[in-house]
2 protein chains.
Amino acid sequence: MQRTGQPTINDVARVAGVSKKTVSRVINRSPLLGGETRARVEAVIAELGYVPNPQARALALRRNFLIGLVHDNPNAQTVMNVQQGMLEALHGTEFEMVVRPIDRGSATMLEDLKHFLERQRPYGVLLMPPVSENDLVARACAEIGCRYVRMGSAMLDAPERMVASNDRDAVRAATAYLIDQGHRRIGLIGGPHGFRSARERRGGFEEALAQGGISLPRSLIADGNYTFESGLVAAERLLDAVPRPTAIFSCNDEMAAGVIHAARQRGLDVPGDLSVVGFDDTPIAAHVWPPLTTVRWPIASMARSATLKLIADPEADGVEEPSLFLSTLIRRASVAAPSD
Amino acid sequence: MQRTGQPTINDVARVAGVSKKTVSRVINRSPLLGGETRARVEAVIAELGYVPNPQARALALRRNFLIGLVHDNPNAQTVMNVQQGMLEALHGTEFEMVVRPIDRGSATMLEDLKHFLERQRPYGVLLMPPVSENDLVARACAEIGCRYVRMGSAMLDAPERMVASNDRDAVRAATAYLIDQGHRRIGLIGGPHGFRSARERRGGFEEALAQGGISLPRSLIADGNYTFESGLVAAERLLDAVPRPTAIFSCNDEMAAGVIHAARQRGLDVPGDLSVVGFDDTPIAAHVWPPLTTVRWPIASMARSATLKLIADPEADGVEEPSLFLSTLIRRASVAAPSD
DNA sequence: TTGTACGCGTTATCAC
DNA sequence: GTGATAACGCGTACAA
């Protein structure tokens, strides 16, 4: 009776001489089932090459098997790392990953997201920073009734809906490391306004300076938007300061690469004339010259845990996925003691 | 009668006082429909906030609205660019993008892909290089009855199932440019065996050398696998050659960045002591120091066109999407005349 | 342990 | 133009 060439559950039932409910039980591994019957049905399934239709399943179960990744992150490597972590968590399950970029700048961003959630009704969505830091977005998901987990730089939500890293602590430690090396004039390249990660990282930086009794003049602060180019521009401003900073902490690696670029353009040696520290530990950090000292952000692990939270059976209370991830300092060659 | 809180087509029909088929006609913009009836139904749809259920649609239409991206590309930026192009093409349509990485090395790669296609039954899949260059993969799609479009470095398939770039020509031109600058000892860092792109690019390189009457000793050829690290290792071997090459063409940017890294490690100046040319024009090309002369590969545009081919109505013969895309040389600062 | 009847939300057929 | 009715493929009460 199959029109599309694909065998259906009915075909299996007919050939096996059972009802389709029995076949359904085999598929869903119902415990109460005769071993002999199960074997026969499984043999027919294999023989016919039967594959359950996910659309029909989705309709009958009133839920589908799509996990959305909602993001507006400018960093390709970061997005890929998150996808990697999600796919690890989804591997072997019946879920698929659908990727949904949204435009942070757009006035209709919330509407676009709602539109997506209403039309597609994914089983759940993973919210990546920076859009994950927007409470309105989380609320929109909740209102529509879509499960979500947020990734971020601070616990912005309940543990079962949040996976966070300790950016503030990690940056405080990284900055303390610079101070230990003897640096006193340390510049900061901050992230974009409105990014919680930018706020946390800057906070950690300022705390470390305060602990070290070091002042932070306005001339040693510049903001970027996490892109290489913005790091370049910000570094140019910082390097014009008199006296020049002997070290710069950049709130992500991309911008730190821009800092190194800017230093080289004006003939400064890194780390001889300028120490640089980044954040993220994306591949670019190891690939610039000199290799960049940076904070490793375990974004793929976070995405993996977040996804497992998302698809976890709310009933079955197995092992809880962690909600807090530690970022650690990776020491490479871009930091040295100041030369003066 | 709605259990999930979502209004269904039945609710709309009841409130509007029409049959659900009429509502269906409104949704699907059937031309034969009373204007007055249509207006009333549309008002009710808006009032109730009705959104058609894509799962039910998929079941009734016997097709879903998922476009798969099948890839095994090691370059994050390239994958992101492809996703970007796909999403541009999908924007405003009812299609969603599902991303499906596969493991090229795995012996079960073909089985895994078939498994995905059979279970998910996407409307179509976009095959990214290098997996797109595998004819067995294309055949697997065809056998399962899944539409596909391949991206690649040569026309490997019929135009409606292929989007290609002219890698060979572009590399020939890039190499000719090096020769024009006066280089005679030019090293090659090839791509992985089995990559069609690697073969085409190497072919273009060899053709240019042949045209210039320049020999290519074994000591000036090394193979990489498109990663930074492999470029680093390959460059170390090439730079050990005596006499040393004055220029190196690398089959992609990542490896070219590794070349620059290796040169700097042994104190060589780029481009003073060594000229370097890459391929792809990913952001890393502009961000290394010195900025990398490279071939711009219009991968996002290719992905966009490929996706439009995929979702094009086979009946309606509108404007054909192009199948061939031109890669062009981008001149930056990593090339100079040889100093000797 | 297994089968029957029906519902999920939509589209297609074929009358009116 | 519009409306009953039957698919689409699978899951679930409830009965046997």
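Chain letters run A, B, ... following the sequence lines, proteins first, then strands; residues in each count from 1.
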Contact under 4.0 Å: [X] side-chain N or O vs [N] OP1/OP2:
X       : N      : value
A/Asn10 : D/dG9  : no
A/Thr22 : C/dT1  : no
B/Arg57 : C/dT11 : yes
A/Asn53 : D/dC8  : no
B/Thr8  : C/dG9  : no
A/Ser24 : D/dT12 : no

Any donor-acceptor pair, under 3.5 Å, between the side chain of [X] and the base of [N], if you only look at N and O atoms?
X       : N      : result
A/Arg25 : C/dG3  : yes
B/Lys21 : C/dA12 : yes
A/Lys20 : D/dG9  : no

How about [X] and [Y]: does a side-chain donor come under 3.5 Å of a side-chain acceptor?
X        : Y        : answer
A/Lys20  : A/Thr8   : no
B/Ser197 : B/Tyr226 : yes
A/Gln83  : B/Gln83  : yes

Study note, to complete from the structure: Result for 5'-nearest mapping on DNA chain D, choosing between B/Ala60 and B/Arg40, is B/Arg40
To the nearest angstrom, how far is [X] atom [atom1] from [N] atom [atom2]?
X       : N      : atom1 : atom2 : result
B/Ile9  : C/dA12 : CD1   : C1'   : 12 Å
B/Ile45 : C/dG9  : CD1   : C1'   : 14 Å
A/Arg29 : D/dG11 : CZ    : P     : 13 Å
B/Arg38 : D/dG1  : CZ    : P     : 12 Å
A/Asp11 : D/dG9  : CG    : P     : 9 Å
B/Leu59 : C/dA12 : CG    : P     : 12 Å
A/Ile27 : D/dG11 : CD1   : C1'   : 10 Å
A/Gln55 : D/dC10 : CD    : P     : 11 Å

Practice item. Measure from the side chain of B/Ser19, starting at C-beta and using heavy atoms only, and say which of D/dA4, D/dC10, C/dT1 lies closest. Key: D/dA4
Check your understanding: So what does A/Val23 touch, heavy atoms closer than 4.0 Å: a base, only the sugar-phosphate, or nothing?
Key -> nothing
Review point. How would you label the contact of A/Leu61 with the nucleic acid (heavy atoms, under 4.0 Å): base, sugar-phosphate, or nothing?
Key: sugar-phosphate
Check your understanding: Any donor-acceptor pair under 3.5 Å linking the side chain of B/Asn28 with the backbone of B/Ser30?
Key -> no
Review point. Under 3.5 Å, is there a donor-acceptor pair between the side chain of A/Asp112 and the main chain of A/Ser106?
Key: no
Point to revise | Check: B/Phe95 ring centre within less than 6.0 Å of B/Tyr123 ring centre | key: yes
